Amino acid sequence: MRIAVLGAGVCGLVAAHRLTAAGHAVEVYERWPGLGGQAATLDVGDGHRLERYYHHLFTSDRDIAGLFVELGMPDAIDWRPSSVAFFARGRLHPFVTPLDLLRFRPLSPVARVRMGAAVLALQRLGSDRAPYERITARSWIERRMGREAWDEVWGPLLRGKFGERADRIAMVWLWSKLRLRRSVKGEDVRRERLGYPRDSWEPLFGALARSVEAGGGRVLIDRPAARLARAGAGFAVRPAAPGSHRRGHDPRAFDAAPGEPYDRALATVPNDIFEQLLDPALAAEVGEDYLRRTRAVEYFAALCLLLELDRRFSPYYWTNVADRALPFVGLIEHTNFVEPERYGGRRFLYVANYLPHGHELLGLDADALLARYEDGLRAVNPAFSRDWVKRAWLHVEPAAQPIVTVGYGDRIPPLRTPAPGLVLANTTQVYPEDRGTNYAVRLGSDAARALLAD
Ligand SMILES: Cc1cc2nc3c(=O)[nH]c(=O)nc-3n(C[C@H](O)[C@H](O)[C@H](O)COP(=O)(O)OP(=O)(O)OC[C@H]3O[C@@H](n4cnc5c(N)ncnc54)[C@H](O)[C@@H]3O)c2cc1C
């Protein structure tokens with residue numbers, strides 16, 4: 001069969017690789033002039049590549065680790081100790097080992113013990129996820145661990161992922177995180193190790209694209225799909241011209257070339273783009289019920305400022321910002337995780353934010369945003385000065401984080417749409433786990449199976 005895959009993020013590339021291996025002719029269309037979607041890298045100079053958005057792997061991320069092995073890169077992932085801190089009440093508190101919880105000053109000693117006991121109980125006894133789907137994380141935590149634990153620890157942690165929607169997040173999301181953490185064994189219990197592919201995520205994308213091309217397929221970057229329509233029993237994809245990404249994300253703003261025929265189509269684009277791509281007759285075939293489900297998911301945008309600094313900013317890799325007066329939610333100092341020597345001695349810090357669409361910070365350029373962040377950076381490190389910044393890159397991902405509210409699981413649209421031969425697979429269907437490249441690998445394989453089963 002001739003199969004069109006829309007989107008060359010991890011999910012689309014893995015699906016294309018699987019479909020090629022099953023003997024089909026696959027063509028991948030990608031809007032951006034590069035591979036990898038949300039995990040894409042940029043050249044930060046001197047031939048070094050870094051993800052546009054901070055990325056690491058957990059030891060529980062077995063699907064992506066298996067993919068590296070399958071593609072002949074068994075030693076690609078380096079596992080390194082991570083270091084985590086909370087910025088609260090005007091100072092950094094280490095949160096690296098379980099003992100740090102017992103010493104965590106923003107919480108009273110009783111609250112520390114209560115929190116530790118509740119986490120252990122959930123990890124040991126909470127094997128049925130159903131009860132956690134019906135309650136928000138906030139209510140569960142306040143009931144089981146107390147208000148303090150929410151205010152000082154879990155509220156800030158969830159704000160680091162879901163911004164101002166933290167209060168509405170379903171407990172099942174946190175349940176899944178804590179249960180996965182339970183599978184961590186040995187030395188890792190004392191100090192967590194995280195993974196990072198030795199030469200960034202880029203070699204993985206290259207290997208997947210080469211596998212598709214070796215099977216006779218094509219991976220077309222800077223070549224978005226502008227429209228998707230029914231053509232006979234199959235589909236027509238109308239591609240847009242190179243450079244169309246400069247017109248934004250909505251494919252209706254792209255000029256559409258004549259259609260290319262395919263037997264089947266897999267869309268791995270975000271929900272809103274999926275609907276915008278459908279021509280009216282195909283949208284009617286997909287149907288209101290399915291589209292209502294896709295529209296029901298709210299996405300928060302990631303606003304990520306990558307700074308090259310002339311020195312170290314903090315001693316930690318990952319700092320959760322628990323002080324709501326600061327205008328960002330996290331500081332991720334990549335070169336406190338991967339040694340600066342890997343980058344010729346250069347140092348990189350990501351300043352992270354998750355924001356609702358339309359938020360005023362999303363409209364700023366890198367300089368203006370840095371100006372807005374400067375006082376906050378100085379609150380964390382009083383010595384910080386703008387002179388430390390050698391370069392800045394700003395990236396915005398509108399569909400970065402699906403907001404997982406109570407009842408989310410019941411609303412997820414199935415991979416197979418009501419239109420025969422058309423499959424949708426994107427981060428909104430990763431549940432209850434936190435979306436991530438590992439689950440995009442799993443979803444890509446599931447999507448390929450769903451497409452062939454149709
Ligand atoms: C700030 C941030 C930090 C993250 N940190 C981590 C981490 O530490 N570890 C981890 O594992 N994961 C992390 N993730 C998540 C991870 O990157 C994603 O879950 C994963 O990459 C999603 O892959 P995907 O293929 O499903 O979606 P996407 O990567 O979104 O792929 C969709 C693709 O469709 C393309 N597209 C859009 N419109 C069109 C069109 N009209 N035609 C053709 N193509 C189109 C897009 O350009 C994109 O390439 C992070 C994400 C963000 C935003």
Side-chain angles (χ1 to χ4, degrees), residues 4-16 27-41 51-58 60-61 63-65 82 160-161 194-197 201 204-205 208 219-228 237-240 244-245 247-254 256 265-274 276-278 299-306 317-318 329-330 332 334 337 350-355 395-402 424-430 433-444 446-447:
V5 173
L6 312 185
V10 176
C11 175
L13 286 173
V14 169
E27 297 197 331
V28 184
Y29 291 89
E30 168 55 48
R31 166 184 172 272
W32 190 250
L35 302 171
Q38 293 178 43
T41 66
E51 288 65 39
R52 294 184 295 174
Y53 307 99
Y54 43 93
H55 270 73
H56 61 241
L57 296 173
F58 297 102
S60 52
D61 286 343
D63 293 85
I64 194 165
S82 111
K161 288 292 285 189
L194 299 175
Y196 187 76
W201 255 254
L204 180 69
F205 310 144
L208 288 167
V219 179
L220 306 160
I221 58 169
D222 198 7
R223 200 88 174 117
R227 305 277 185 285
L228 181 63
V237 173
R238 298 184 65 189
S244 298
H245 63 92
R247 296 196 190 173
H249 291 264
D250 186 341
R252 293 171 301 188
F254 306 159
L266 164 63
T268 70
V269 298
N271 284 346
D272 48 345
I273 295 179
F274 172 68
Q276 290 155 0
L277 279 169
L278 301 176
Y299 287 107
F300 258 36
L303 174 70
C304 191
L305 185 64
L306 170 59
Y317 165 52
W318 191 282
V329 295
I332 295 99
H334 180 77
F337 173 44
Y350 294 93
V351 187
N353 234 337
Y354 282 102
L355 298 166
H395 294 103
V396 180
E397 169 54 56
Q401 184 62 60
L424 172 70
N426 65 30
T427 55
T428 66
Q429 291 148 315
V430 173
E433 300 92 349
D434 185 19
R435 59 89 176 103
T437 53
N438 180 68
Y439 299 101
V441 169
R442 186 179 76 185
L443 186 67
D446 290 348

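For ligands, and for the atoms within them, numbers begin at 1 and follow the listed sequence. One-based numbering along the sequence shown. These numbers were taken from a predicted model, which means no experiment stands behind them.
Ranking the protein heavy atoms by distance from atom 26 (O) of ligand 1 puts Cys11 CB, 3.5 Å first. At the top of the distance list for atom 47 (O) of ligand 1, counting protein heavy atoms only, stands Glu30 OE2, 2.6 Å. Among all non-hydrogen protein atoms, the one lying nearest atom 41 (N) of ligand 1 is Ala225 O, 3.0 Å. When only non-hydrogen protein atoms are considered, atom 29 (O) of ligand 1 lies nearest to Gln38 N, 2.8 Å. The protein atom (non-hydrogen) at minimum distance from atom 31 (O) of ligand 1 is Gly9 CA, 3.6 Å.
Considering each of Arg31, Arg435, Arg223, the one bringing a non-hydrogen atom nearest atom 51 (C) of ligand 1 is Arg435. Of the candidates Gln401, His395, His55, His55 brings a heavy atom nearest to atom 50 (C) of ligand 1.
Heavy atoms of Ala440 found under 4.0 angstrom from ligand 1 belong exclusively to the side chain. At a heavy-atom cutoff of 4.0 Å, ligand 1 is contacted by both the backbone and the side chain of Tyr54. At a heavy-atom cutoff of 4.0 Å, ligand 1 is contacted by no atom of Tyr196, backbone or side chain.
The atoms of ligand 1 that sit less than 4.0 Å from any heavy atom of Gly37 are 29 (O), 48 (C), 49 (O). Taking a cut-off of under 4.0 Å to the non-hydrogen atoms of Thr268, the atoms of ligand 1 that pass are 32 (C). Near Tyr29, meaning under 4.0 Å from any of its heavy atoms, are these atoms of ligand 1: 43 (C), 44 (N). Close approach to Gly436 involves these atoms of ligand 1, each under 4.0 Å from a residue heavy atom: 10 (C), 11 (O), 12 (N), 15 (C), 19 (O). Numbered from 1 in the order shown, with element, the atoms of ligand 1 that lie under 4.0 Å from a heavy atom of Ala400 read 53 (C). Near Gly7, the atoms of ligand 1 lying under 4.0 angstrom from a non-hydrogen atom of the residue are 33 (C), 34 (O), 35 (C), 43 (C), 44 (N). Of all atoms in ligand 1, numbered sequentially from 1 with element shown, those under 4.0 Å from a heavy atom of Val269 are 34 (O), 36 (N), 37 (C), 38 (N), 39 (C), 45 (C). Atoms of ligand 1 lying under 4.0 Å from any heavy atom of Thr427, numbered from 1 in the order shown and given with element: 19 (O), 22 (C), 26 (O).
The shortest non-hydrogen separation linking Ala447 to Leu266 is CB-CD1, 3.9 Å. Heavy atoms only, all atoms of each residue included: Tyr54 and Ala352 are closest at OH-CB, 3.4 Å. Across every non-hydrogen atom of Phe205 and Ala40, the tightest pair is CE1-CA, 4.2 Å. For Phe254 against His249, the heavy-atom pair with the smallest separation is CZ-O, 4.2 Å. Here the closest heavy-atom approach between residue Leu443 and residue Val430 is recorded as CD2-CG2, 4.3 Å.
Polar contact check, Thr437 against ligand 1: a nitrogen or oxygen pair lies under 3.5 Å apart. Considering backbone and side-chain atoms together, His56 places an N or O closer than 3.5 Å to an N or O of ligand 1. At a 3.5 angstrom cut-off on N or O pairs, Ile273 does not count as close to ligand 1.
In this structure, the side chain of His55 engages the main chain of Tyr53 through a donor-acceptor pair within 3.5 Å. A donor-acceptor pair is defined here as one N or O able to donate and one able to accept, closer than 3.5 Å; no such pair exists between the side chain of Tyr354 and the backbone of Ala400.
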side-chain contact (heavy atoms from CB on, under 4.5 Å) between Ser82 and Trp318, worked out: CA-CA 8 Å; Ser82 111; Trp318 191 282; over 6 Å; no
Verdict with reasoning, Tyr350 to Leu305, per side-chain contact (heavy atoms from CB on, under 4.5 Å): CA-CA 6 Å; Tyr350 294 93; Leu305 185 64; over 6 Å; no
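Tyr439 does not count as a contact of ligand 1, since none of its heavy atoms falls under 4.0 Å from the ligand.
For the pair Arg435/Lys161, a side-chain contact is recorded, criterion being any heavy-atom separation below 4.5 Å from C-beta on. Using a 4.5 Å heavy-atom threshold, the side chains of Leu208 and Leu35 count as separate.
The distance from the OG1 atom of Thr427 to the OH atom of Tyr439 is 14.0 Å, given to the nearest 0.5 Å.
Ion pairing between a basic and an acidic side chain is recognised when a charged N comes within 4.0 Å of a carboxylate O; Arg442 and Glu433 show such pairing.
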